[in-house]
Amino acid sequence: MARKKLILKQSLKNLDMEIDELTQYQQKNDCPIPTGILMIIGGGEDRDSVMKEYTKLLEKENPVIELVTTAGSVDVKQTYEEYKALFEKHIPCRVNHIHHNHR
């Protein structure tokens, strides 16, 4: 029991240090630090199961999801619509689309 308490105390101390470091970094940096989740999907995946797992990670109610398509040049709009439908199937959210025409 004493060992568990010691481990818990150390974990809390480490967490406090990380929060302090993040706060100091934010004070030095003009750019906002992203607080969201970045998920990179390669293609050929089981989209439904990927979206199901991803939406479990979301902690916000009605999150805004930015879907960035960079690798595809054919049927980009269709790909976006498919992912949008999958996200909306698993969680109430708003899905926006960003596409890069040049790499």
Side-chain angles (χ1 to χ4, degrees):
M1 184 69 150
R3 178 156 171 74
K4 286 184 180 179
K5 285 184 180 179
L6 180 63
I7 291 170
L8 182 58
K9 272 186 175 180
Q10 186 61 42
S11 296
L12 291 173
K13 183 179 175 184
N14 290 343
L15 182 59
D16 285 340
M17 288 172 52
E18 289 174 14
I19 292 171
D20 289 343
E21 289 171 6
L22 179 61
T23 302
Q24 290 173 9
Y25 180 78
Q26 284 177 322
Q27 291 170 350
K28 294 177 190 175
N29 189 350
D30 292 337
C31 295
I33 297 175
T35 57
I37 300 168
L38 174 63
M39 180 174 173
I40 300 170
I41 304 171
E45 70 285 339
D46 176 2
R47 290 180 181 173
D48 193 52
S49 64
V50 169
M51 292 307 117
K52 186 176 180 180
E53 291 303 312
Y54 179 74
T55 54
K56 286 180 186 177
L57 298 172
L58 300 173
E59 296 174 351
K60 282 185 173 182
E61 214 173 287
N62 297 313
V64 175
I65 297 170
E66 299 294 336
L67 180 63
V68 181
T69 52
T70 58
S73 58
V74 178
D75 295 329
V76 171
K77 182 73 172 164
Q78 180 182 347
T79 301
Y80 162 70
E81 292 297 335
E82 289 172 7
Y83 276 104
K84 181 177 187 279
L86 286 170
F87 275 115
E88 292 172 342
K89 173 182 171 183
H90 293 289
I91 189 170
C93 61
R94 186 175 80 202
V95 181
N96 298 323
H97 183 207
I98 301 170
H99 178 65
H100 296 274
N101 292 323
H102 303 284
R103 292 175 219 150

With sequence neighbours left out, the residues meeting ring-ring contact (aromatic ring centres under 6.0 Å, His included) with H97 are Y80

The remaining residues in the hydrophobic cluster of V68, counting side-chain heavy-atom contacts under 4.5 Å among Ile, Leu, Val, Met, Phe, Trp and Tyr, are I98

One should read off an interatomic distance between L67 CG and F87 CZ, to the nearest 0.5 angstrom, of 6.5 Å

Side chain to side chain donor-acceptor pair (under 3.5 Å) filter on E61, not counting sequence neighbours, yields none

Across all chains, not counting sequence neighbours, the side chain to side chain donor-acceptor pair (under 3.5 Å) partners of D46 are S49

Sorted by chain and residue number, the side chain to side chain donor-acceptor pair (under 3.5 Å) partners of E66 (sequence neighbours excluded) come out as N96

Residue set satisfying side-chain contact (heavy atoms from CB on, under 4.5 Å) with I91, at least two apart, ordered chain then number -> T55, L58, P63, C93

Test side-chain hydrogen bond (donor to acceptor under 3.5 Å, both in side chains), reference K84, set E81, E82, E88, output is E88

